[in-house]
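Hydrogens, waters and symmetry mates are skipped; everything else that's a heavy atom, side chains included, is used.
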Amino acid sequence: MGFGDLKTPGGLKVLNDFLADKSYIEGWVPSQADVAVFDAISSAPSTDLCHALRWYNHIKSFQNKKGSLPGVKKPLGQYGPAGVEDKTAAAGDSKDDDDDMDLFGSDEEEDAEAEKLKEERIAAYAAKKSKKPTLIAKSSILLDVKPWDDETDMAKLEECVRSISMDGLLWGQSKLVPVGYGIKKLQIGCVVEDDKVGTDQLEEQITAFEDYVQSMDVAAFNKI
């Protein structure tokens, strides 16, 4: 397993494809798996790698509290798609580093702890799913996403917006609306679960595609 070399465009392309249908490297919430992969990347992915950039910006927002995220960091070779070898050059890799790691316990102990945590999370998730479903508060939101100018690739802009994937978010229909001087804005609808997704989160992730997006406004907001 692995992503190839995450410090190269090729490795980031593997990461982008891996995240096409996933919100996180492992599981349903941000964890030390995301921190491990994030720390291995030299800089933000390019805007054409929509899925990787969306994930990168989301995990970046946890940097002040990344140490409190669940899980235990594992070697990069234990994350990613099968059949891809990890070749990311880690800073400071040496025999001395390995000796230092021995001071904090063996890899086998860390793997056992990570496996235990994974089993606990799976059990908790299964228990939660087995409970009788309760009424979930939802809202219908209409967003106006404005480009920089009339030369902005609006198809690519919409692709970037729709690449944003969060638990409790469902994208709906969209259309281009003229705003003047040949410029059109993207008007796109979505349905969100109120306790999982907010307009601030949507604005943060949408405006992160700064090569295409100038601003985002909420055109309509209705409780369902």
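Applying the side chain to side chain donor-acceptor pair (under 3.5 Å) test to Q187 and every residue at least two apart in sequence or in another chain returns D144.
Remark: the backbone N or O of K22 is not paired with any side-chain donor or acceptor of W55 at under 3.5 angstrom. Judged purely by atom type and a 3.5 angstrom limit, Q78 has no side-chain atom pairing as donor or acceptor with the backbone of P75. In this structure, D217 contributes its side chain and A219 its backbone to no donor-acceptor pair below 3.5 Å. At least one donor-acceptor pair closer than 3.5 Å links the side chain of N57 to the backbone N or O of L53. With hydrogens and angles ignored, the 3.5 Å screen pairs a side-chain donor or acceptor of R54 with a backbone N or O of L19. Panel note: side chain Y79, backbone K74; a donor-acceptor pair is recorded below 3.5 Å. Distance alone, capped at 3.5 Å, places no donor-acceptor pair between the K66 side chain and the Q32 backbone. Panel note: side chain N16, backbone A52; a donor-acceptor pair is recorded below 3.5 Å. Between the side chain of D17 and the main chain of V14, no donor-acceptor pair closer than 3.5 Å is present.
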*Check the pair V145, Y212 against side chain to side chain contact (heavy atoms under 4.5 Å, CB included), reporting the backbone distance first and the verdict last.*
CA-CA 10 Å; V145 184; Y212 302 99; over 6 Å; no

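In this model, no donor atom of one side chain and acceptor atom of the other lie less than 3.5 Å apart for N222 and S140. Using a 3.5 Å distance cut-off with no hydrogens or angles, the side chains of E204 and S61 do not pair a donor with an acceptor.
In this pair, H58 and Y24 present their aromatic rings tilted. The plane angle is within the 30 to 60° band.
Taking 4.5 Å as the limit, every side-chain heavy atom of V192 sits out of range of all side-chain heavy atoms of M166. Looking at heavy atoms from C-beta onward, L176 lies in side-chain contact with L186 at the 4.5 angstrom threshold.
Considering K118, R121, K73 in turn, R121 is the only one that fulfils the side chain to side chain contact (heavy atoms under 4.5 Å, CB included) rule with S31.
Within a 6.0 Å sphere centred on CG of D195, heavy atoms belonging to other residues, nucleotides or ligands number more than 12.
T152 OG1 to K184 NZ: the interatomic distance, rounded to the nearest 0.5 Å, is 13.0 Å.
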